[in-house]
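The next block holds one structure in the form of structure tokens; read it before the comments.
Being a predicted model, the structure only gives us computed values, none of them experimental. Side chains included, hydrogens not; waters and symmetry mates left out as well; all remaining heavy atoms used.
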Amino acid sequence: MLYVINVILIKNYQFLHFLHLRLTGFTLLQEQLNQALAKAILISGSPLSLVEHPLWISFFKEIRPSYTLPTRKRISCTCLDAEFNSVQSEIKEELHNSKNLHLQCDGWSNIRNESIINFVVTTPEPRFVDFIITKENRHDAQYLSEQMKIVMEKYDTEKFFVVIGDNAANMRAAFRVLSETFQHIVPLGCIAHLLHLLCNDILNCDSVKLFLGQVTDIVKTIKKSHLLQALFTRIGKEKNINISLKLAGKTRWGSHLFSLQSLYANKVVLQTLAVSDEILVTTQLKNRLLDDAIFWVRVEKMINILKPIVDLITKLESNDPLIHLVHDEINNIEAKLTELLPESPLQKAEEQKVLKKVSERKQFALGDIHLAATLLNPSSQGCKLNCDELMDAIQFIYNTATNMKLDLPLVKTELTDYRDRTGIWSKRFIWEGVDQISPLLWWRGLRGTNSLADVAVRILSAPVTSAGTERTFSTFSWIHSMKRNKLTTERASKIAYVAHNWKLKHKKPKSIKGSNSKVENISSPTFTPSTSNSTLGKKKNADHPENKKKKKLTAVNLEDEETDTDTDSDSDIDEDISYADSSTGDEDLDEVNED
């Protein structure tokens, strides 16, 4: 009898143990599915209420009846915190294994006008590392420098080399305070922001303001009238020109280029519209659109002036390390403007004023680190540096080597050999294909063979813009939108942190040369006066009353017509990420409103 009881107890224990394992395994699987679902919702920007929608509940019951969806509160609290901590741990480990770090920071205001400062660390790959809700704190130099110091201390201050932000006075003052504490830190201003200000210097000239006002009037006139807009669209399809007119952003001055390019690309459409018998336009507008000698020549010249600046902004805002290009590209901009401004719509006094501004912006932008990066570019070896710039570059390399506690005499010897291509630099295979790879990658391949390579990697990995932080703002505005205004600022910040870092890690590499956008493709002339005038004449004869029944004229009062489009408040140029709209790619710019 006792034996039977023991057997029953053993079997019951085995059954209970088996049941416990099954329940434990089911619970673990349930948690894994909850976390995977939460991750997908958070990163994709889906609403948290998705798990409470009856259709989604029914869908998950169909594919797995035993699975119970987590509540919205569980996703926004437990699952979000778990994912946030997981991403934070991954980034800390990644930055811990990196030898050279650079800090980007910038501030912005969210939809509730709450101030937030974002911090991005580059290795040179950017990582969104922290955010601060400043609340009642003022953004003065002392406060900003303290917050930067806190972020740097998390990842070892000795690893940091460059701190970069916009060119605001408080940010520059904060950098000075920080560099006084840490002698090895190099403060930099955002080159993209500086070039953006250069666009504003040109646009602020009275003659340019007057001309761009005329361009804006044309675009608004077409967009405000549904009749003109419909006719414009139809003519565009007939001419096989499917490019919409763009309005420039209020504070994105480089976007005036996109507006001018869209106008120039639609030249034949607009001139056909001006002489069309289907609709009447004002005499002033008609004369302007048909003025090939002055108006359209000015459009083309303004495009030629703005395009090099905006193209350089777009190029430098890439996540790729491009500090070795800054010196030569800024000089190229100065040379092009010196050549093009005499033929521009600017007056002589305005031309001199702009050239003076260009010189001032150049002096402010270029630092010793840019000169050193140019010298360490193996494809040019600083061949365009003058004597003073060359000495400053060499001095900066020596100072960097000293701060890195390297053998300075050895670095001097290696730098001499590098410039003369002697010693290890005399080997031919080292220089083969140097134009096909980035300088940073080239020097990384030489680490371990010389100390100069460690100095070069530290300098060449530095960012030249704070576009990385601008992109975090884009993610914030996408997550914390008008429709999701109930999210707390801290919760929205955590979601943006998780989503943005996931995008950075899973973003496909994109070459600079191959990243042509629609805007760039419409800059080439698509209209020649001689051929178009004959075409317009033929159409006018074809519509003559003797050959065809006269079409009904539709009088349009362009000033008083009611409209459903608020063209004064919204812009057709995307301001989603960067100073010059560098991330638009192949998206339709006309479908995205200004932030």
Side-chain angles (χ1 to χ4, degrees), residues 42 76-77 80-81 84-85 87-88 91-92 95 101-122 126-155 157 160 162-182 185 187-190 192-193 196 251 463 465-482 484-501 504 575-579 595:
L42 296 172
S76 63
C77 296
L80 174 59
D81 289 341
F84 176 78
N85 293 331
V87 174
Q88 207 171 38
I91 291 176
K92 284 183 178 179
L95 298 183
L101 302 178
H102 312 279
L103 181 65
Q104 300 181 31
C105 64
D106 205 349
W108 79 302
S109 298
N110 66 5
I111 195 173
R112 299 197 191 110
N113 202 31
E114 297 170 321
S115 181
I116 300 173
I117 298 177
N118 289 353
F119 295 92
V120 171
V121 172
T122 60
R127 292 292 179 263
F128 180 21
V129 296
D130 206 355
F131 57 87
I132 297 172
I133 305 169
T134 60
K135 298 181 179 178
E136 69 276 3
N137 294 296
R138 297 178 64 86
H139 294 185
D140 54 21
Q142 191 63 35
Y143 177 75
L144 292 174
S145 62
E146 288 175 358
Q147 299 306 316
M148 295 178 202
K149 183 179 177 182
I150 292 173
V151 173
M152 290 169 58
E153 287 175 345
K154 291 181 181 179
Y155 306 102
T157 55
F160 284 89
V162 163
V163 289
I164 188 169
D166 61 22
N167 299 292
N170 61 338
M171 191 66 71
R172 296 201 306 269
F175 288 165
R176 286 195 296 269
V177 173
L178 196 66
S179 59
E180 290 173 0
T181 306
F182 305 102
I185 291 295
L188 289 180
C190 178
H193 184 233
H196 192 59
T251 58
T465 72
S466 58
T469 51
E470 293 287 335
R471 294 185 179 99
T472 64
F473 301 155
S474 174
T475 304
F476 263 89
S477 61
W478 171 60
I479 295 294
H480 204 183
S481 61
M482 290 288 292
R484 307 183 72 184
N485 196 28
K486 288 185 178 180
L487 284 172
T488 64
T489 303
E490 184 176 0
R491 187 167 294 160
S493 300
K494 287 184 176 181
I495 296 175
Y497 179 92
V498 171
H500 190 77
N501 282 304
L504 290 174
E575 293 189 16
D576 194 40
I577 290 180
S578 62
Y579 296 110
D595 288 340

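- Relative orientation of the Y497 and F128 rings is tilted, given thresholds of 30° and 60° on the angle between their planes.
- With sequence neighbours left out, the side-chain contact (heavy atoms from CB on, under 4.5 Å) criterion links E153 to K149, T157.
- Remark: F131 engages no residue in a ring-ring contact (aromatic ring centres under 6.0 Å, His included) (not counting sequence neighbours).
- When all heavy atoms of I164 and G189 are compared, the closest pair comes out as CD1-O, 3.9 Å.
- Side-chain contact between N170 and Y143: absent, with no pair of heavy atoms (C-beta onward) separated by less than 4.5 Å.
- Using a 4.5 Å cut-off on side-chain heavy atoms (C-beta onward), P187 and L178 make no contact.
- Atom-to-atom distance recorded for L101:CG and M152:CE is 9.5 Å, nearest 0.5 angstrom.
- Using a 4.5 Å heavy-atom cutoff, the side chains of F160 and V121 are in contact.
- To the nearest 0.5 angstrom, I132 atom CD1 is 6.5 Å from I150 atom CD1.
- Two residues are said to be in side-chain contact when any heavy atoms from C-beta on lie closer than 4.5 Å; V120 and R127 fail this criterion.
- Remark: side-chain polar atoms of H480 are paired, donor with acceptor, to backbone N or O of L487 under 3.5 angstrom.
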For this session: Go through the steps to decide whether W108 and T472 satisfy the test side chain to side chain contact (heavy atoms under 4.5 Å, CB included), and finish with yes or no.
Result: CA-CA 10 Å; W108 79 302; T472 64; over 6 Å; no
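- The closest side-chain heavy-atom distance from Q147 to T134 is not below 4.5 Å.
- Nearest heavy-atom pair, S466 versus D106, reported as atom, atom and distance to 0.1 Å: OG-OD2, 4.4 Å.
- Between A492 and I479, the shortest heavy-atom distance links the atoms O-CG2, 4.0 Å.
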For this session: Would you please test K154 and V129 for side chain to side chain contact (heavy atoms under 4.5 Å, CB included) and show each step?
Result: CA-CA 10 Å; K154 291 181 181 179; V129 296; over 6 Å; no
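- No side-chain heavy atom of H196 sits less than 4.5 Å from a side-chain heavy atom of C190.
- In this structure, the separation between OG1 on T181 and CZ on R176 is 13.5 Å, given to the nearest 0.5 Å.
- Contact annotation: the side chain of H193 never approaches that of E470 to less than 4.5 Å [non-hydrogen atoms, C-beta and beyond].
- With values rounded to the nearest 0.5 angstrom, T488 atom OG1 is found 7.5 Å from I133 atom CD1.
- Here the CZ atom belonging to R172 is positioned 13.0 Å from the CG atom belonging to L144, to the nearest 0.5 angstrom.
- Nearest heavy-atom pair, M148 versus M171, reported as atom, atom and distance to 0.1 Å: CE-SD, 3.6 Å.
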Exercise. Between N110 and F476, does a side chain to side chain contact (heavy atoms under 4.5 Å, CB included) hold up when you go through it step by step?
Worked result: CA-CA 8 Å; N110 66 5; F476 263 89; 5.8 Å; no
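- Side chain of R112 to backbone of N485: a donor-acceptor contact under 3.5 angstrom is found.
- Note: R484 CZ to W478 CH2 = 8.0 Å, rounded to the nearest 0.5 Å.
- Across G468 and H500, no two heavy atoms sit closer than the pair O-NE2, 4.3 Å.
- Here the side chains of H139 and I117 are in contact, with some heavy-atom distance below 4.5 Å.
- Pairing each heavy atom of S145 with each of V177, the nearest pair is OG-CG1, 3.6 Å.
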